[in-house]
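Right, one structure below, let's go through it.
All of these numbers come straight from a predicted model, not from anything done at the bench. Naming convention: chains lettered A, B, ... in sequence-line order (proteins, then strands); numbering from 1 in each chain.
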Amino acid sequence: MISKTVDNVQDALKGVKNDMTFMLGGFGLCGIPENAIAELVQLGIKDITCISNNAGVDDFGLGLLLQKHQIKKMISSYVGENDEFERQMLSGELEVELTPQGTLAEKCRAAQSGFPAFYTPAGYGTEVAEGKESREFNGKMYVLEEAFQADFSFVKAWKGDEAGNLIFKGTARNFNPCMCGAAKITVAEVEELVPAGELNPNEIHIPGIFVQRIFQGEHYEKRIEQRTVRPK
Amino acid sequence: MLDKNGIAKRIAQEVKDGFYVNLGIGIPTLVANFVRDDINVEFQSENGVLGMGPFPLEGEEDADIINAGKQTITTLPGASFFDSALSFSMIRGKHVDLTILGAMEVAENGDIANWKIPGKMVKGMGGAMDLVASADNIIVAMMHTNRAGESKLLKKCSLPLTGVGCVTKIVTNLAVLEIVPGGFLLKERAPGVSIEDIKKATEGTLIVTGDVPEMLI
(Lines give C-alpha, C1' and ligand atoms only; values in the text may rest on other atoms or scores of the structure.)
Protein backbone atom coordinates (compact mmCIF):
# COMPACT_ATOMS: atom_id res chain seq x y z
CA MET A 1 0.00 0.00 0.00
CA ILE A 2 1.32 3.41 -0.95
CA SER A 3 0.31 5.82 1.79
CA LYS A 4 -1.01 9.23 0.82
CA THR A 5 -1.84 10.36 4.33
CA VAL A 6 -0.59 13.69 5.62
CA ASP A 7 -1.13 14.87 9.18
CA ASN A 8 -2.99 18.08 8.63
CA VAL A 9 -4.16 20.74 6.22
CA GLN A 10 -0.87 22.65 6.55
CA ASP A 11 1.12 19.68 5.26
CA ALA A 12 -1.52 18.99 2.62
CA LEU A 13 -1.13 22.46 1.13
CA LYS A 14 2.67 22.56 1.10
CA GLY A 15 3.91 24.13 -2.10
CA VAL A 16 0.97 26.41 -2.89
CA LYS A 17 2.18 29.79 -4.13
CA ASN A 18 1.02 33.08 -5.58
CA ASP A 19 -0.12 32.98 -9.22
CA MET A 20 -1.02 29.29 -9.18
CA THR A 21 -4.12 27.72 -10.72
CA PHE A 22 -6.33 25.65 -8.44
CA MET A 23 -9.29 23.37 -9.08
CA LEU A 24 -11.82 23.28 -6.25
CA GLY A 25 -14.64 20.74 -6.05
CA GLY A 26 -18.20 21.54 -5.04
CA PHE A 27 -21.54 22.67 -6.43
CA GLY A 28 -22.72 25.78 -4.65
CA LEU A 29 -21.61 25.13 -1.08
CA CYS A 30 -22.26 21.38 -1.39
CA GLY A 31 -19.12 19.23 -1.29
CA ILE A 32 -16.63 22.11 -1.13
CA PRO A 33 -13.15 21.56 0.38
CA GLU A 34 -13.83 23.72 3.44
CA ASN A 35 -10.51 22.98 5.16
CA ALA A 36 -8.37 23.74 2.11
CA ILE A 37 -10.22 27.02 1.49
CA ALA A 38 -9.74 28.09 5.12
CA GLU A 39 -6.01 27.33 4.85
CA LEU A 40 -5.67 29.27 1.59
CA VAL A 41 -7.23 32.26 3.37
CA GLN A 42 -4.80 31.74 6.25
CA LEU A 43 -1.78 31.53 3.94
CA GLY A 44 -2.84 34.76 2.26
CA ILE A 45 -1.47 33.81 -1.14
CA LYS A 46 -2.52 36.14 -3.94
CA ASP A 47 -3.32 36.27 -7.64
CA ILE A 48 -4.75 32.78 -7.78
CA THR A 49 -6.85 31.40 -10.60
CA CYS A 50 -9.72 29.23 -9.36
CA ILE A 51 -11.49 26.63 -11.44
CA SER A 52 -14.73 26.01 -9.56
CA ASN A 53 -18.32 25.64 -10.74
CA ASN A 54 -19.44 28.44 -8.41
CA ALA A 55 -17.81 31.19 -6.38
CA GLY A 56 -19.36 30.55 -2.98
CA VAL A 57 -21.47 33.10 -1.14
CA ASP A 58 -20.29 36.38 0.37
CA ASP A 59 -19.13 34.90 3.67
CA PHE A 60 -18.47 31.25 2.90
CA GLY A 61 -16.73 29.00 0.41
CA LEU A 62 -14.70 30.85 -2.20
CA GLY A 63 -16.38 34.05 -1.05
CA LEU A 64 -13.83 34.03 1.80
CA LEU A 65 -10.96 34.25 -0.72
CA LEU A 66 -12.79 36.92 -2.72
CA GLN A 67 -13.24 39.08 0.39
CA LYS A 68 -9.46 39.10 0.81
CA HIS A 69 -8.90 39.83 -2.88
CA GLN A 70 -6.78 36.70 -3.25
CA ILE A 71 -8.40 35.60 -6.50
CA LYS A 72 -7.21 37.06 -9.79
CA LYS A 73 -9.35 34.96 -12.08
CA MET A 74 -12.38 32.69 -11.72
CA ILE A 75 -13.34 29.99 -14.19
CA SER A 76 -16.93 29.02 -13.35
CA SER A 77 -20.30 28.23 -14.89
CA TYR A 78 -22.57 30.08 -12.47
CA VAL A 79 -21.75 32.89 -10.05
CA GLY A 80 -25.18 34.23 -9.15
CA GLU A 81 -25.18 33.96 -5.38
CA ASN A 82 -22.33 36.27 -4.51
CA ASP A 83 -22.69 40.07 -4.40
CA GLU A 84 -18.99 40.71 -3.77
CA PHE A 85 -18.15 38.55 -6.76
CA GLU A 86 -20.52 40.50 -8.99
CA ARG A 87 -19.09 43.77 -7.74
CA GLN A 88 -15.47 42.74 -8.40
CA MET A 89 -16.40 41.36 -11.81
CA LEU A 90 -18.35 44.40 -13.01
CA SER A 91 -15.63 46.76 -11.75
CA GLY A 92 -12.96 44.77 -13.60
CA GLU A 93 -10.97 43.82 -10.47
CA LEU A 94 -11.69 40.17 -11.07
CA GLU A 95 -11.21 38.38 -14.35
CA VAL A 96 -14.00 35.89 -15.04
CA GLU A 97 -14.21 33.15 -17.62
CA LEU A 98 -17.73 31.76 -17.72
CA THR A 99 -17.81 28.22 -19.07
CA PRO A 100 -20.81 25.95 -19.65
CA GLN A 101 -21.15 23.52 -16.76
CA GLY A 102 -20.77 20.35 -18.81
CA THR A 103 -17.77 21.82 -20.60
CA LEU A 104 -16.23 22.77 -17.26
CA ALA A 105 -16.63 19.19 -16.00
CA GLU A 106 -15.25 17.73 -19.21
CA LYS A 107 -12.25 20.09 -19.24
CA CYS A 108 -11.41 18.63 -15.81
CA ARG A 109 -12.03 15.08 -16.93
CA ALA A 110 -9.94 15.59 -20.07
CA ALA A 111 -7.04 16.79 -17.92
CA GLN A 112 -7.51 13.75 -15.68
CA SER A 113 -7.64 11.39 -18.66
CA GLY A 114 -4.85 12.70 -20.84
CA PHE A 115 -6.94 14.30 -23.58
CA PRO A 116 -5.63 17.71 -24.68
CA ALA A 117 -9.02 18.81 -26.04
CA PHE A 118 -12.47 17.64 -27.12
CA TYR A 119 -15.40 18.79 -29.22
CA THR A 120 -18.70 19.73 -27.58
CA PRO A 121 -21.92 21.16 -29.01
CA ALA A 122 -22.32 23.42 -25.94
CA GLY A 123 -21.87 27.09 -26.69
CA TYR A 124 -21.75 26.80 -30.48
CA GLY A 125 -22.95 30.07 -32.02
CA THR A 126 -22.58 31.95 -28.71
CA GLU A 127 -19.86 34.21 -27.33
CA VAL A 128 -18.39 31.19 -25.52
CA ALA A 129 -17.26 29.83 -28.90
CA GLU A 130 -15.61 33.08 -30.04
CA GLY A 131 -11.99 32.54 -31.03
CA LYS A 132 -12.30 28.76 -30.80
CA GLU A 133 -12.16 26.23 -33.58
CA SER A 134 -15.56 24.89 -34.69
CA ARG A 135 -16.13 21.80 -36.76
CA GLU A 136 -19.03 19.86 -38.21
CA PHE A 137 -19.60 16.19 -37.37
CA ASN A 138 -22.59 14.37 -38.87
CA GLY A 139 -24.32 17.60 -39.78
CA LYS A 140 -24.02 19.25 -36.37
CA MET A 141 -21.57 21.94 -35.25
CA TYR A 142 -19.17 21.49 -32.34
CA VAL A 143 -16.67 23.71 -30.52
CA LEU A 144 -13.12 22.62 -29.65
CA GLU A 145 -12.47 23.01 -25.92
CA GLU A 146 -9.10 22.42 -24.29
CA ALA A 147 -8.31 20.48 -21.12
CA PHE A 148 -7.53 22.53 -18.02
CA GLN A 149 -3.99 22.87 -16.72
CA ALA A 150 -3.80 23.34 -12.98
CA ASP A 151 -1.24 23.18 -10.19
CA PHE A 152 -3.43 21.79 -7.40
CA SER A 153 -6.85 20.14 -7.14
CA PHE A 154 -8.61 20.50 -3.79
CA VAL A 155 -11.40 17.98 -3.40
CA LYS A 156 -13.68 16.89 -0.59
CA ALA A 157 -14.90 13.33 -0.10
CA TRP A 158 -17.06 11.61 2.49
CA LYS A 159 -14.75 8.71 3.29
CA GLY A 160 -11.21 7.97 2.30
CA ASP A 161 -8.44 5.61 3.26
CA GLU A 162 -4.67 5.89 3.73
CA ALA A 163 -4.15 4.79 0.13
CA GLY A 164 -6.09 7.81 -1.11
CA ASN A 165 -9.17 5.87 -2.22
CA LEU A 166 -12.30 8.03 -2.06
CA ILE A 167 -16.04 7.60 -1.61
CA PHE A 168 -18.39 10.55 -2.03
CA LYS A 169 -21.84 11.10 -0.57
CA GLY A 170 -25.00 12.26 -2.33
CA THR A 171 -24.73 15.29 -4.59
CA ALA A 172 -21.61 16.38 -2.69
CA ARG A 173 -19.88 14.25 -5.32
CA ASN A 174 -20.42 16.73 -8.21
CA PHE A 175 -17.10 18.06 -9.62
CA ASN A 176 -14.88 16.39 -7.02
CA PRO A 177 -14.22 13.08 -8.83
CA CYS A 178 -13.56 14.88 -12.16
CA MET A 179 -10.88 17.03 -10.53
CA CYS A 180 -8.95 14.12 -8.98
CA GLY A 181 -5.74 13.63 -10.92
CA ALA A 182 -6.59 16.61 -13.13
CA ALA A 183 -3.91 18.87 -11.61
CA LYS A 184 -0.23 18.29 -10.83
CA ILE A 185 -1.12 17.56 -7.19
CA THR A 186 -4.51 16.41 -5.90
CA VAL A 187 -5.29 17.07 -2.24
CA ALA A 188 -8.30 15.24 -0.81
CA GLU A 189 -9.89 16.13 2.50
CA VAL A 190 -12.34 13.64 3.97
CA GLU A 191 -14.90 13.54 6.74
CA GLU A 192 -13.69 10.11 7.77
CA LEU A 193 -10.18 8.81 7.13
CA VAL A 194 -9.84 5.06 7.69
CA PRO A 195 -6.95 2.56 7.49
CA ALA A 196 -6.36 0.81 4.16
CA GLY A 197 -8.53 -2.29 3.91
CA GLU A 198 -11.58 -0.83 5.63
CA LEU A 199 -13.27 0.45 2.50
CA ASN A 200 -14.83 -2.12 0.17
CA PRO A 201 -12.84 -1.98 -3.11
CA ASN A 202 -16.12 -2.50 -4.99
CA GLU A 203 -17.45 0.75 -3.62
CA ILE A 204 -14.50 3.09 -4.30
CA HIS A 205 -15.49 6.04 -6.53
CA ILE A 206 -11.95 7.34 -7.10
CA PRO A 207 -8.90 5.06 -6.80
CA GLY A 208 -5.97 6.40 -4.79
CA ILE A 209 -3.72 6.66 -7.87
CA PHE A 210 -5.47 9.97 -8.64
CA VAL A 211 -4.74 11.40 -5.20
CA GLN A 212 -1.32 12.58 -3.91
CA ARG A 213 -2.29 13.76 -0.41
CA ILE A 214 -5.20 12.88 1.85
CA PHE A 215 -6.05 14.22 5.30
CA GLN A 216 -8.76 14.05 7.92
CA GLY A 217 -10.81 17.24 7.62
CA GLU A 218 -12.17 19.11 10.63
CA HIS A 219 -15.15 21.20 11.69
CA TYR A 220 -17.31 20.81 8.59
CA GLU A 221 -20.04 23.43 8.57
CA LYS A 222 -21.78 22.12 5.44
CA ARG A 223 -23.82 25.26 5.07
CA ILE A 224 -27.11 24.90 3.17
CA GLU A 225 -27.73 27.65 0.61
CA GLN A 226 -31.45 27.08 0.03
CA ARG A 227 -32.99 25.18 2.91
CA THR A 228 -36.27 24.02 1.40
CA VAL A 229 -38.59 21.80 3.41
CA ARG A 230 -42.15 20.56 3.66
CA PRO A 231 -43.91 21.02 7.01
CA LYS A 232 -44.20 17.83 9.06
CA MET B 1 -54.13 34.39 -18.70
CA LEU B 2 -52.08 31.88 -16.72
CA ASP B 3 -49.97 32.41 -13.64
CA LYS B 4 -46.65 30.61 -13.12
CA ASN B 5 -48.38 27.53 -11.72
CA GLY B 6 -50.72 27.52 -14.72
CA ILE B 7 -47.75 27.50 -17.10
CA ALA B 8 -46.21 24.63 -15.14
CA LYS B 9 -49.52 22.74 -15.18
CA ARG B 10 -49.81 23.03 -18.98
CA ILE B 11 -46.19 21.92 -19.49
CA ALA B 12 -46.76 18.92 -17.22
CA GLN B 13 -49.05 17.57 -19.96
CA GLU B 14 -45.97 17.25 -22.19
CA VAL B 15 -44.29 14.88 -19.73
CA LYS B 16 -44.92 11.30 -20.83
CA ASP B 17 -44.62 7.89 -19.21
CA GLY B 18 -40.99 6.66 -19.13
CA PHE B 19 -39.43 10.10 -19.59
CA TYR B 20 -36.21 11.25 -17.97
CA VAL B 21 -36.70 15.01 -17.51
CA ASN B 22 -34.38 17.88 -16.64
CA LEU B 23 -36.10 20.86 -15.04
CA GLY B 24 -34.47 24.27 -14.94
CA ILE B 25 -34.75 26.80 -12.12
CA GLY B 26 -37.91 28.92 -11.70
CA ILE B 27 -41.21 28.00 -13.37
CA PRO B 28 -39.77 24.68 -14.71
CA THR B 29 -39.20 23.45 -11.14
CA LEU B 30 -42.96 23.78 -10.51
CA VAL B 31 -43.73 21.32 -13.33
CA ALA B 32 -42.89 18.38 -11.04
CA ASN B 33 -45.90 19.30 -8.86
CA PHE B 34 -48.36 18.72 -11.72
CA VAL B 35 -47.13 15.53 -13.41
CA ARG B 36 -49.84 12.81 -13.36
CA ASP B 37 -49.21 10.23 -10.64
CA ASP B 38 -50.23 7.32 -12.87
CA ILE B 39 -47.09 7.67 -15.04
CA ASN B 40 -43.45 6.91 -14.23
CA VAL B 41 -41.05 9.81 -14.71
CA GLU B 42 -37.56 10.44 -13.33
CA PHE B 43 -36.25 13.93 -12.76
CA GLN B 44 -32.57 14.59 -13.40
CA SER B 45 -30.73 17.45 -11.77
CA GLU B 46 -27.45 18.30 -13.46
CA ASN B 47 -25.51 18.62 -10.21
CA GLY B 48 -25.66 14.84 -10.05
CA VAL B 49 -28.93 13.12 -9.17
CA LEU B 50 -31.49 11.11 -11.07
CA GLY B 51 -34.74 10.22 -9.33
CA MET B 52 -35.34 13.42 -7.40
CA GLY B 53 -38.21 13.38 -4.94
CA PRO B 54 -40.06 16.13 -3.06
CA PHE B 55 -38.47 18.57 -0.65
CA PRO B 56 -37.54 16.95 2.68
CA LEU B 57 -39.75 17.12 5.75
CA GLU B 58 -38.70 19.79 8.20
CA GLY B 59 -35.70 18.55 10.20
CA GLU B 60 -34.79 15.85 7.69
CA GLU B 61 -32.84 18.03 5.25
CA ASP B 62 -29.33 16.85 4.32
CA ALA B 63 -26.70 19.39 3.20
CA ASP B 64 -25.21 16.73 0.91
CA ILE B 65 -28.42 16.20 -1.07
CA ILE B 66 -29.46 19.21 -3.13
CA ASN B 67 -30.78 20.05 -6.61
CA ALA B 68 -29.26 22.37 -9.22
CA GLY B 69 -31.07 25.29 -7.58
CA LYS B 70 -29.12 24.43 -4.39
CA GLN B 71 -32.37 23.51 -2.63
CA THR B 72 -32.45 20.57 -0.24
CA ILE B 73 -34.26 17.61 -1.80
CA THR B 74 -35.02 13.94 -1.25
CA THR B 75 -34.60 10.97 -3.56
CA LEU B 76 -37.10 8.32 -4.61
CA PRO B 77 -36.59 4.53 -4.81
CA GLY B 78 -34.41 3.84 -7.86
CA ALA B 79 -32.50 7.10 -7.55
CA SER B 80 -28.77 7.44 -8.25
CA PHE B 81 -25.98 9.96 -7.66
CA PHE B 82 -23.13 10.64 -10.09
CA ASP B 83 -20.39 13.13 -10.85
CA SER B 84 -20.72 16.24 -13.02
CA ALA B 85 -18.98 14.73 -16.07
CA LEU B 86 -21.33 11.73 -16.09
CA SER B 87 -24.29 14.03 -15.52
CA PHE B 88 -23.48 15.93 -18.70
CA SER B 89 -22.83 12.67 -20.54
CA MET B 90 -26.52 11.99 -19.87
CA ILE B 91 -27.40 15.41 -21.25
CA ARG B 92 -24.98 15.68 -24.20
CA GLY B 93 -25.49 12.03 -25.05
CA LYS B 94 -29.26 12.67 -25.45
CA HIS B 95 -30.27 10.22 -22.74
CA VAL B 96 -32.53 12.85 -21.18
CA ASP B 97 -35.88 12.90 -23.01
CA LEU B 98 -37.16 16.36 -22.16
CA THR B 99 -35.57 19.61 -21.04
CA ILE B 100 -37.70 22.42 -19.61
CA LEU B 101 -36.06 25.75 -18.95
CA GLY B 102 -36.73 29.44 -18.55
CA ALA B 103 -35.62 32.22 -20.91
CA MET B 104 -35.25 35.97 -21.13
CA GLU B 105 -35.74 35.92 -24.92
CA VAL B 106 -36.61 33.40 -27.62
CA ALA B 107 -36.26 34.16 -31.34
CA GLU B 108 -38.52 32.86 -34.10
CA ASN B 109 -35.71 30.63 -35.41
CA GLY B 110 -35.42 28.87 -32.03
CA ASP B 111 -32.47 30.85 -30.64
CA ILE B 112 -32.59 31.33 -26.88
CA ALA B 113 -30.98 33.87 -24.52
CA ASN B 114 -31.11 33.34 -20.77
CA TRP B 115 -27.73 33.88 -19.15
CA LYS B 116 -26.47 37.42 -19.40
CA ILE B 117 -27.51 41.07 -19.64
CA PRO B 118 -24.33 42.89 -20.69
CA GLY B 119 -23.15 45.42 -18.14
CA LYS B 120 -25.97 44.58 -15.74
CA MET B 121 -26.42 41.00 -14.79
CA VAL B 122 -23.98 38.19 -15.34
CA LYS B 123 -24.90 35.13 -13.37
CA GLY B 124 -23.52 32.63 -15.84
CA MET B 125 -25.00 29.94 -18.01
CA GLY B 126 -24.67 27.06 -15.56
CA GLY B 127 -25.72 23.97 -17.46
CA ALA B 128 -28.07 25.78 -19.84
CA MET B 129 -25.69 25.89 -22.83
CA ASP B 130 -25.00 22.16 -22.60
CA LEU B 131 -28.71 21.42 -22.22
CA VAL B 132 -29.93 23.50 -25.16
CA ALA B 133 -27.11 22.42 -27.49
CA SER B 134 -27.84 18.75 -26.95
CA ALA B 135 -31.50 18.07 -26.23
CA ASP B 136 -33.88 17.33 -29.09
CA ASN B 137 -36.92 18.21 -27.06
CA ILE B 138 -36.70 21.61 -25.39
CA ILE B 139 -39.66 23.46 -23.93
CA VAL B 140 -39.27 27.02 -22.73
CA ALA B 141 -41.41 28.12 -19.80
CA MET B 142 -41.66 31.88 -19.44
CA MET B 143 -43.89 34.93 -19.27
CA HIS B 144 -44.79 36.26 -22.72
CA THR B 145 -43.50 39.76 -21.89
CA ASN B 146 -40.85 41.13 -19.52
CA ARG B 147 -41.45 43.40 -16.54
CA ALA B 148 -41.34 46.45 -18.81
CA GLY B 149 -44.13 44.90 -20.89
CA GLU B 150 -41.86 44.16 -23.86
CA SER B 151 -42.24 40.96 -25.85
CA LYS B 152 -39.85 38.09 -25.08
CA LEU B 153 -40.75 36.34 -28.36
CA LEU B 154 -38.65 38.16 -30.90
CA LYS B 155 -37.56 38.17 -34.53
CA LYS B 156 -33.99 38.08 -33.26
CA CYS B 157 -32.60 37.88 -29.73
CA SER B 158 -31.03 41.11 -28.49
CA LEU B 159 -29.18 39.50 -25.55
CA PRO B 160 -26.15 37.19 -25.80
CA LEU B 161 -27.30 33.77 -26.95
CA THR B 162 -27.37 30.59 -24.91
CA GLY B 163 -27.95 28.40 -27.95
CA VAL B 164 -28.89 28.63 -31.61
CA GLY B 165 -31.98 27.15 -33.27
CA CYS B 166 -32.71 24.81 -30.40
CA VAL B 167 -36.10 25.63 -28.88
CA THR B 168 -39.01 23.49 -30.10
CA LYS B 169 -41.90 24.66 -27.96
CA ILE B 170 -42.77 27.62 -25.74
CA VAL B 171 -45.44 27.80 -23.07
CA THR B 172 -46.18 31.30 -21.76
CA ASN B 173 -48.88 32.90 -19.64
CA LEU B 174 -50.71 33.67 -22.90
CA ALA B 175 -50.12 30.78 -25.29
CA VAL B 176 -48.54 27.54 -26.43
CA LEU B 177 -46.35 28.06 -29.49
CA GLU B 178 -44.10 25.89 -31.64
CA ILE B 179 -41.05 27.02 -33.55
CA VAL B 180 -41.59 26.22 -37.24
CA PRO B 181 -39.83 27.51 -40.36
CA GLY B 182 -41.00 31.11 -40.63
CA GLY B 183 -41.86 31.87 -37.03
CA PHE B 184 -43.90 31.08 -33.93
CA LEU B 185 -46.85 28.81 -34.76
CA LEU B 186 -49.69 29.55 -32.37
CA LYS B 187 -51.05 26.22 -31.09
CA GLU B 188 -53.19 27.13 -28.08
CA ARG B 189 -54.49 30.21 -26.30
CA ALA B 190 -54.53 30.54 -22.52
CA PRO B 191 -58.04 30.74 -21.02
CA GLY B 192 -59.63 34.11 -21.75
CA VAL B 193 -56.82 35.28 -24.04
CA SER B 194 -57.61 36.28 -27.65
CA ILE B 195 -55.46 35.84 -30.74
CA GLU B 196 -55.32 39.63 -30.87
CA ASP B 197 -53.85 39.77 -27.32
CA ILE B 198 -51.16 37.27 -28.33
CA LYS B 199 -50.35 39.16 -31.55
CA LYS B 200 -49.90 42.36 -29.56
CA ALA B 201 -47.50 40.68 -27.14
CA THR B 202 -45.42 38.95 -29.82
CA GLU B 203 -42.73 40.95 -31.61
CA GLY B 204 -41.59 38.02 -33.77
CA THR B 205 -43.58 36.53 -36.65
CA LEU B 206 -46.73 34.88 -35.31
CA ILE B 207 -48.26 32.23 -37.55
CA VAL B 208 -51.98 31.68 -37.03
CA THR B 209 -53.72 28.95 -38.98
CA GLY B 210 -57.42 28.19 -38.57
CA ASP B 211 -59.09 28.08 -35.19
CA VAL B 212 -56.69 28.22 -32.31
CA PRO B 213 -58.12 26.23 -29.40
CA GLU B 214 -58.08 27.33 -25.81
CA MET B 215 -55.75 25.30 -23.56
CA LEU B 216 -57.26 22.54 -21.50
CA ILE B 217 -55.79 22.74 -18.02
Side-chain angles (χ1 to χ4, degrees), chain A residues 27-31 53-55 76-81 86 89-90 96 98-106 108-109 112 120-128 140-143 158 168-178 205-206 220-232, chain B residues 25 45-49 52 54-75 81-92 111-113 115-116 118-134 160-166:
Chain A
F27 184 96
L29 300 177
C30 183
N53 188 55
N54 311 89
S76 305
S77 86
Y78 188 83
V79 292
E81 261 65 66
E86 199 156 359
M89 175 170 59
L90 293 173
V96 179
L98 289 166
T99 302
Q101 198 178 133
T103 300
L104 190 79
E106 205 60 26
C108 296
R109 206 171 69 124
Q112 176 190 61
T120 175
Y124 176 74
T126 75
E127 62 183 60
V128 164
K140 187 174 164 117
M141 293 304 293
Y142 295 81
V143 183
W158 179 35
F168 302 90
K169 179 174 160 246
T171 55
R173 192 183 312 192
N174 57 62
F175 284 83
N176 287 297
C178 319
H205 292 137
I206 284 291
Y220 283 103
E221 179 179 336
K222 292 197 183 187
R223 196 184 290 185
I224 295 174
E225 258 177 274
Q226 306 284 341
R227 186 179 301 272
T228 316
V229 294
R230 286 176 292 153
K232 265 192 174 161
Chain B
I25 295 161
S45 197
E46 64 269 21
N47 59 315
V49 54
M52 252 193 300
F55 295 127
L57 291 171
E58 215 174 322
E60 291 176 11
E61 60 273 27
D62 181 341
D64 290 328
I65 303 181
I66 62 167
N67 64 16
K70 285 121 185 169
Q71 295 170 308
T72 43
I73 53 155
T74 59
T75 54
F81 297 115
F82 35 85
D83 67 65
S84 301
L86 194 61
S87 178
F88 283 90
S89 297
M90 292 175 193
I91 290 163
R92 254 186 267 102
D111 289 358
I112 176 171
W115 72 285
K116 182 178 184 180
K120 254 196 205 160
M121 188 251 12
V122 189
K123 291 188 186 301
M125 67 293 279
M129 282 195 183
D130 308 270
L131 282 158
V132 301
S134 310
L161 295 181
T162 308
V164 291
C166 47

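We find the CZ-OG distance between A:Phe27 and B:Ser45 to be 6.5 Å, quoted to the nearest 0.5 Å. Taking NZ of B:Lys123 as the start and OG of A:Ser77 as the end, the distance is 13.5 Å to the nearest 0.5 Å. Separation of atoms CG (A:Asn174) and CZ (B:Phe82) is listed at 11.5 Å; rounding is to 0.5 Å. To the nearest 0.5 Å, atom OG1 of residue A:Thr99 and atom CE of residue B:Met125 are 6.5 Å apart. We find the CE-CG distance between B:Met129 and A:Leu104 to be 13.0 Å, quoted to the nearest 0.5 Å. Between the OH atom of A:Tyr124 and the CG atom of B:Leu161 there is a distance of 11.5 Å, given to the nearest 0.5 Å.
A donor-acceptor distance shorter than 3.5 angstrom exists from the side chain of B:Asp130 to the backbone of A:Gln101, with no hydrogens or angles considered. In this structure a side-chain-to-backbone donor-acceptor pair under 3.5 Å is missing from A:Thr126 to B:Gly163. Although no hydrogens or angles enter the test, the distance criterion places a donor-acceptor pair under 3.5 Å between the side chain of B:Thr72 and the main chain of A:Thr228.
Annotation: side chain of B:Lys70 is in contact with side chain of A:Asn54 (closest heavy-atom distance under 4.5 Å).
Most heavy-atom pairs under 4.5 Å with chain A, from the set B:Ala133, B:Gly165, B:Gly59, B:Gly126: that is B:Gly126. Taking chain A as the reference chain and counting heavy-atom pairs below 4.5 Å, the highest number among B:Ala68, B:Ser89, B:Ala128, B:Gly48 is found for B:Ala68. Options A:Gly170, A:Ala105, A:Ala122, A:Ala172 differ in how many heavy-atom pairs under 4.5 Å they form with chain B, and the most are formed by A:Gly170. Per-residue counts of heavy-atom pairs under 4.5 Å with chain A were compared for B:Asn47, B:Val164, B:Asp64, B:Leu131; the largest is that of B:Asp64.
Taking both residues in full, the closest heavy atoms of B:Glu58 and A:Pro231 are given as OE1-CA, 3.9 Å, listed atom of the first, atom of the second, then distance. For A:Cys178 against B:Ser84, the heavy-atom pair with the smallest separation is SG-N, 4.1 Å. Here the shortest heavy-atom pairing between A:Arg230 and B:Phe55 reads NE-O, 2.6 Å. Taking both residues in full, the closest heavy atoms of A:Pro177 and B:Asp83 are given as CG-CB, 3.7 Å, listed atom of the first, atom of the second, then distance. Nearest heavy-atom pair across B:Ala85 and A:Glu106 is CB-OE1, 4.0 Å. Minimum interatomic distance between B:Gly124 and A:Tyr78 (heavy atoms only, all atoms of both residues): O-CD1, 3.7 Å.
Contacts between A:Asn53 and chain B at a heavy-atom distance below 4.5 Å are absent for every atom of the residue. Neither the backbone nor the side chain of B:Asp111 comes within less than 4.5 Å of any heavy atom in chain A. Heavy atoms of A:Val128 lying under 4.5 Å from chain B belong exclusively to its side chain. Interface residue B:Glu60: only side-chain heavy atoms are found under 4.5 Å from chain A. At a 4.5 Å heavy-atom cutoff, A:Met141 makes no contact with chain B through either its backbone or its side chain. In this structure, the portions of B:Phe81 lying under 4.5 Å from any heavy atom of chain A include both its backbone and its side chain. Contact annotation for B:Thr162: only backbone heavy atoms (N, CA, C, O) come within less than 4.5 Å of a heavy atom of chain A. Using a 4.5 Å cut-off between heavy atoms, A:Arg227 contacts chain B through both its backbone and its side chain.
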Hey, mind stepping through B:Trp115 and A:Leu98 against side chain to side chain contact (heavy atoms under 4.5 Å, CB included) and telling me if it holds?
CA-CA 10 Å; B:Trp115 72 285; A:Leu98 289 166; 3.7 Å; yes
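A salt bridge links B:Asp62 with A:Lys169: at least one charged nitrogen is closer than 4.0 Å to a carboxylate oxygen.
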